[in-house]
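The structure appears below as structure tokens.
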Amino acid sequence: MSVAKKEYKKVTVQSLTEMKSHGEKISMLTAYDFTMAHIVDQAGVDVILVGDSASNVMAGHETTLPITLDQMIYHASSVIRAIKRALVVVDIPFGSYQSDPKEALRSAIRIMKESGGHAVKLEGGEEIKESVKRILNAGIPVMGHLGLTPQSIYKFGTYSVRAKEEAEAKKLIEDALLLESLGCFALVLEKIPAKLAAKVAAQLSIPVIGIGAGAGVDGQVLVIHDLLGMTKEFSPRFLRRYMNLYEDMTKAIGQYVSDVKEKDFPNAQEQY
Ligand code: KIV
């Protein structure tokens, strides 16, 4: 059944709840810089995530752990300058919220004040409850993140599907309900069985956004570099590539190199 879409001039946390209640799916993509964020916003994406995946795709680190709070603020402020419509959510990076709730709040405040972001995202459930509460008490919207939480990669050991076993699935459901009861406005579920994700989405009234979590959730998120086919080696089953930019860009740049070498560029019309 097709759903009549309400136009949102500016997406807010309330718009997302409304979208869920109307059965309108939420689109979310990452962006880390001004130019990309401008395109993503103009294309009509509802939520832009300034993800700590910037550590991988922008800085070339193997994990999301090394990116700093200052670097996240730099990326987020570049994104904020580009957007007109999307809600901008910023990841609080590893090491900036786990040690104590006061530090978590200080990090969230820095993000909001120095970047102009609209909300923050934290990974985890019960174990970060006090931090989530403190940030929410300061009036800062919080998005949760459960399932595969890349900041805990060394605990998991691999990036494979999470919560396949009953005990982990049970804890995930409890954590999701807890995050909702604390006041989180949305939840990301990463790389978990589709059935479990659909069950969580049906139980929660806040929107559940999936990545590798199937179609039964309230929205989808992807890393923009993956969607555009700029990252060649990363090929999980859940990823749909809409372009093959790695090859297109390599070809275009190769052509430029050849044009310079062959003295074809610049031509008479391309100079003063
Ligand atoms: O950092 C990120 O890009 C994320 C998404 C994968 C949800 O957290």
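Counting convention: from 1, in listed order, for ligands and their atoms alike. Worth knowing before you read on, the calculation uses all heavy atoms, side chains too, and leaves out hydrogens, waters and symmetry mates. FYI, the numbering just counts along the sequence from 1.
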For [X], does the [atom1] atom sit with more than 12 other heavy atoms under 6.0 Å from it, leaving out its own atoms?
X      : atom1 : value
Lys195 : NZ    : no
His38  : NE2   : no
Lys199 : NZ    : no

Which atoms of ligand 1 are found less than 4.0 Å from any heavy atom of [X]?
X      : value
Val223 : 3 (O)
Ile211 : 6 (C)
His145 : 8 (O)

Among all the protein's non-hydrogen atoms, which is closest to [atom], and how far away is it?
atom                   : answer
atom 8 (O) of ligand 1 : Lys121 NZ, 2.9 Å
atom 2 (C) of ligand 1 : Ser53 OG, 3.2 Å
atom 5 (C) of ligand 1 : Leu49 CD2, 3.7 Å

Under a heavy-atom criterion of less than 4.0 Å, does Met28 contact ligand 1? no
I want to know whether His225 and Tyr32 have ring centres closer than 6.0 Å.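 Yes, ring centres under 6.0 Å apart.
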Verify the distance criterion only: is there a donor paired with an acceptor across the side chains of Asp52 and Gln151 at less than 3.5 Å?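 Yes, side-chain donor-acceptor contact under 3.5 Å.
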Close N or O approach (Tyr32, ligand 1; < 3.5 Å):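 By distance alone, the answer is no.
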Quick check with a 6.0 Å cut-off and a 45 degree axis cone: is Arg85 positioned over the face of Tyr8's six-membered ring?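 No; the conditions do not both hold, so Arg85 does not lie above the ring face of Tyr8.
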Backbone N/O of Thr231 and side chain of Arg241: donor-acceptor pair under 3.5 Å: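 Indeed, once roles are kept as given, a pair shorter than 3.5 Å links the two residues.
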Logged contact type for Thr30 with ligand 1, heavy-atom cut-off 4.0 Å, is side chain
